[in-house]
Amino acid sequence: MGSAALGEAVKTIREWTMNEGRQTGTPAKVQDLFGALVFNDKMQQTRLPRAVYKALRSTVTHATSLDSSTADAVASALKDWAIEHGASHYTHWFQPMTGITAEKHDSFYSPTADGQSMAAFSGKELVIGEPDASSFPSGGMRSTFEARGYTAWDPTSPPWLHVNGPSVTLVIPTAFVSWTGEALDKKTPLLRSMEALSTQTVRALKLFGSTARRATATCGPEQEYFLIDRNFYFARPDLINAGRTLFGARPPKGQELEDQYFGSIPDRVLACMSEVEAELYKVGVPVKTRHNEVAPSQYEIAPIFESANVATDHQMMTMETLRRVAPKFGLACLMHEKPFAGLNGSGKHLNWSIGDDLGNNLLNPGETPHENMQFLFFCVAVVRAVDKWQGLLRQSIASAGNDHRLGANEAPPAILSVFLGDMLTDIFEQIDAGAARRTKHGGTLDIGVSSLPKLPRDAGDRNRTSPFAFTGNKFEFRAVSSNQNVAFPATCLNIAVADSLDAMTAELEGMLSKGQPLEEAVAALLKKLIKQHKRVIFNGNGYSDAWQKEAGKRGLLNLRNTVDALPELVKPDVIKVFEKFKILTERELRARYEVDLETYSKTINVEAQLMVLMANRYVLPAGLEYQTQVGQSVAAAKAGGVPSVEGKKLLGRIVKLIDAFRTQTDKLATALEHSNSSAEAHAKYMRDAVVPQMSKLRELGDQIEVLTPHQIWPLPTYREMLFIK
């Protein structure tokens with residue numbers, strides 16, 4: 001089977017290359033594609049009556065409510081626009097607690113009395129949908145018989161058209177809540193957290209003389225992923241069902257030569273990337289960057305910053321588009337955090353900042369950040385947020401998949417720390433010691449070649465080992481995993497910073513009310529907070545053992561796995577801050593805790609069941625076949641009067657290895673026979689009893705692969721999947 005998959009992969013590449021060579025025509029220009037399928041601001045201006053347009057923009061920019069007559073007018077224009085583009089259906093697109101997207105399609109058309117059909121779409125149908133809520137995760141908030149749920153249009157994220165061959169569907173981004181009003185999705189708490197952050201940011205800005213009325217959390221989530229030949233994907237049950245290889249010996253060549261990162265993009269991969277980008281341009285996703293990543297067959301796509309909720313929608317669209325387009329080029333897109341053991345896993349770096357409605361990035365330090373009180377105020381607020389809420393932020397990126405990646409000398413450690421760089425660290429140290437009087441600059445870099453320009457040099461280097469790094473005018477939450485929805489990490493970050501701004505603004509207001517000058521009050525407050533929270537600032541090597549020890553001395557949390565991290569969500573102080581800002585109730589938080597625990601246990605269970613299946617149907621038969629061949633060879637040599645000493649040693653080694661493998665397979669199967677208990681106890685059992693058995697079985701299986709001849713081995717190998725492009 002493995003050889004057959006290899007032959008099909010080579011055939012696919014040959015056919016694709018021949019077809020690609022015959023393609024002609026000029027690619028469409030980006031400016032002609034971008035937003036062509038989006039009911040964006042430009043289209044709203046064109047299609048809507050002036051009063052309706054102004055009312056809708058007020059809803060988007062100032063969070064005012066949308067009345068029914070305005071909703072009807074918007075719905076009518078949306079329907080006409082969509083039908084003109086060939087749409088027959090619309091869907092309320094939402095993001096349940098599964099972390100993926102969900103949709104139910106309804107037709108615009110209804111039959112008329114004369115046997116014809118008529119298209120209709122009301123404001124009520126635009127604003128509210130009613131999908132069945134009983135089959136989505138609810139963490140016990142909804143019983144099976146309590147099926148009613150509602151989707152509510154998010155007008156800040158513009159609708160778009162999904163085109164799939166002859167099918168065209170109007171997609172309406174929505175939030176998803178239960179009949180009782182409890183949030184059943186990822187977007188509702190994100191939108192609430194954005195409101196809370198806006199309120200606290202505007203309140204703080206007023207103290208600095210700003211007239212801003214709203215502030216927005218902005219995000220730019222990078223996406224890492226793997227592309228492998230689709231024939232290999234279909235020949236690997238573990239990739240199909242678990243998203244990662246559960247068996248697989250390391251290849252002779254991996255990433256150790258460092259020849260993949262930023263290397264030349266293979267032709268077939270580049271063609272796939274180009275089509276993905278074209279599709280994303282059409283629906284308004286501002287993708288900017290593409291390149292080879294560190295591991296063989298690993299790549300990255302990154303967008304420009306947008307409002308956090310729109311960025312989340314666009315990120316989900318990016319993942320869906322990558323998965324949908326890849327097969328057109330004979331490829332499969334893998335977004336698991338660790339599809340291949342021993343190689344870099346995939347993350348989703350969440351670049352985060354705050355901007356106001358006057359066009360200012362509040363995390364832009366300017367030329368002299370030591371004099372920029374407003375910037376330092378917001379920067380310290382973020383540092384305080386990461387330190388105080390490190391458990392919450394760590395929990396927000398916890399998953400069974402990310403457990404394979406965090407701290408694996410390729411991704412940030414599980415310890416939350418902040419990298420500020422030399423320039424900001426120097427300023428913080430000056431404030432801590434008394435007052436900031438200078439900004440450290442990097443000057444210029446002379447390469448030593450007269451024909452090359454002198455380069456402006458940053459005041460400090462970058463640090464890819466940091467889970468949370470300042471990168472010029474934003475913070476990069478690098479510990480987010482490739483396969484997850486970014487909404488909840490963004491929600492937790494928004495809440496943490498909102499809490500910091502609330503506490504800092506209240507203290508500053510008190511100081512100002514006593515007549516203390518603003519500059520003096522801010523300086524005193526910053527000095528106090530830097531002293532309290534500087535333990536979370538670390539610019540060194542996050543991969544080192546020394547940092548693990550140092551972090552412990554500093555009192556930083558080191559939650560090494562998902563089961564350790566998840567309880568942080570239901571700590572009393574976390575519940576209190578979520579309820580304070582009206583993001584989620586204690587019941588809603590505990591529901592999410594239950595969902596996350598169950599997801600972890602079910603993920604491990606699926607993987608372990610798959611390992612047992614693959615052990616019995618793939619690895620063991622191949623090993624036994626080779627054992628038979630070696631045994632026959634040894635017997636033939638003995639019958640010929642020339643006993644094979646080395647052959648007997650090899651046979652003994654194979655027999656011993658296969659016996660150990662069979663025994664370990666049975667141990668794993670037995671370990672899975674765990675009686676149901678509480679979700680928390682079951683998750684701990686899966687971590688402590690099942691995961692170690694899986695690791696032992698894999699180690700034995702990979703040893704069998706290394707010994708078994710290629711023509712016998714039934715699964716595509718790492719050296720094939722990673723290097724045949």
Side-chain angles (χ1 to χ4, degrees), residues 62-64 192-217 353-366 368-389 392 418 420 424 427-439 475 493-537 572-583:
H62 301 301
T64 58
R192 292 171 180 169
S193 74
M194 292 175 67
E195 285 292 317
L197 181 64
S198 176
T199 299
Q200 298 307 321
T201 299
V202 170
R203 178 182 163 205
L205 285 174
K206 285 181 179 178
L207 300 182
F208 292 93
S210 172
T211 58
R213 297 173 59 192
R214 285 189 65 78
T216 303
S353 190
I354 321 173
D356 64 23
D357 57 1
L358 303 177
N360 300 305
N361 180 349
L362 303 180
L363 291 178
N364 186 349
T368 54
H370 72 283
E371 298 175 337
N372 190 339
M373 290 188 302
Q374 180 178 292
F375 160 74
L376 290 172
F377 182 89
F378 281 93
C379 189
V380 168
V382 177
V383 172
R384 177 191 181 276
V386 177
D387 185 28
K388 181 176 181 181
W389 300 107
L392 172 63
V418 177
L420 290 179
L424 278 183
I427 293 172
F428 274 43
E429 288 173 350
Q430 291 179 56
I431 295 173
D432 188 28
R437 305 185 186 281
R438 69 182 185 277
T439 291
F475 281 92
L493 187 50
N494 290 344
I495 294 168
V497 176
D499 171 70
S500 282
L501 291 174
D502 178 35
M504 291 169 64
T505 304
E507 188 165 352
L508 192 56
E509 287 169 340
M511 297 165 76
L512 295 177
S513 68
K514 295 176 182 178
Q516 193 169 2
L518 176 65
E519 186 172 344
E520 182 182 308
V522 172
L525 178 60
L526 295 183
K527 181 177 181 178
K528 170 187 170 184
L529 291 173
I530 288 171
K531 198 173 290 292
Q532 289 177 350
H533 300 287
K534 64 183 179 181
R535 65 172 184 167
V536 81
I537 299 172
D573 56 341
V574 170
I575 293 171
K576 184 177 179 181
V577 76
F578 268 81
E579 292 190 330
K580 173 184 176 180
F581 291 115
K582 296 180 171 56
I583 312 300

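In this structure, A212 and L205 approach most closely via the heavy-atom pair CB-CD1, 4.0 Å. In this structure, I354 and A215 approach most closely via the heavy-atom pair CG2-CB, 4.2 Å. When every heavy atom of L518 is checked against every heavy atom of L207, the shortest pair comes out as CD2-O, 3.5 Å. Nearest heavy-atom pair, L424 versus C379, reported as atom, atom and distance to 0.1 Å: CD1-SG, 4.1 Å. The two residues P369 and I427 have their closest heavy-atom pair at CG-CD1, 3.7 Å. Annotation for L525 and F377: closest pair CD2-CE1, 4.0 Å, computed over non-hydrogen atoms.
Within the 3.5 Å criterion, the main-chain N or O of P365 finds a donor-acceptor partner in the side chain of N372. For N361 (side chain) and L363 (main-chain N/O), a donor-acceptor pair under 3.5 Å exists by modelled atom type. S198 places no side-chain N or O within donor-acceptor distance of the main-chain N or O of E195, the cut-off being under 3.5 Å. A distance-only check finds a donor-acceptor pair linking the side chain of S500 to the backbone of A385 [under 3.5 Å].
Between D573 and F578, every side-chain heavy-atom pair lies at or beyond the 4.5 Å cut-off. At a threshold of 4.5 Å between non-hydrogen side-chain atoms, the residues M373 and F208 count as touching. Contact of the L376 side chain with the I431 side chain is registered, since non-hydrogen atoms from C-beta on lie closer than 4.5 Å. A 4.5 Å side-chain heavy-atom check between V574 and W389 finds at least one atom pair inside the cut-off. Contact of the F475 side chain with the V497 side chain is not registered, since no non-hydrogen atoms from C-beta on lie closer than 4.5 Å. Within the 4.5 Å cutoff, no side-chain heavy atoms of T216 are placed close to those of D357. Residues F428 and L526 form no side-chain contact, since every pair of their non-hydrogen atoms from C-beta on lies 4.5 Å or further apart.
Electrostatic pairing of R384 and D499 counts as a salt bridge here, judged by a charged N lying under 4.0 Å from a carboxylate O. Remark: R214 does not engage D356 in a salt bridge, criterion side-chain N to carboxylate O under 4.0 Å. A salt bridge links K528 and E507; the closest N-O separation between the charged side-chain nitrogens and carboxylate oxygens is under 4.0 Å. Remark: K534 does not engage D387 in a salt bridge, criterion side-chain N to carboxylate O under 4.0 Å. For the pair E509 and R203, the salt-bridge criterion is met [side-chain N within less than 4.0 Å of a carboxylate O].
The side chain to side chain donor-acceptor pair (under 3.5 Å) check on Q516 picks up E520, with sequence neighbours excluded. Annotation: side chain to side chain donor-acceptor pair (under 3.5 Å) contacts of R213 (sequence neighbours excluded): none.
Atom NZ of K206 is surrounded by 12 or fewer heavy atoms from other residues, nucleotides or ligands within 6.0 Å.
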Determine, stepwise, if the pair V380 / M504 fulfils side-chain contact (heavy atoms from CB on, under 4.5 Å). CA-CA 10 Å; V380 168; M504 291 169 64; 4.2 Å; yes

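Taking CG from N494 and OG1 from T201, the interatomic distance works out to 9.0 Å, rounded to the nearest 0.5 Å.
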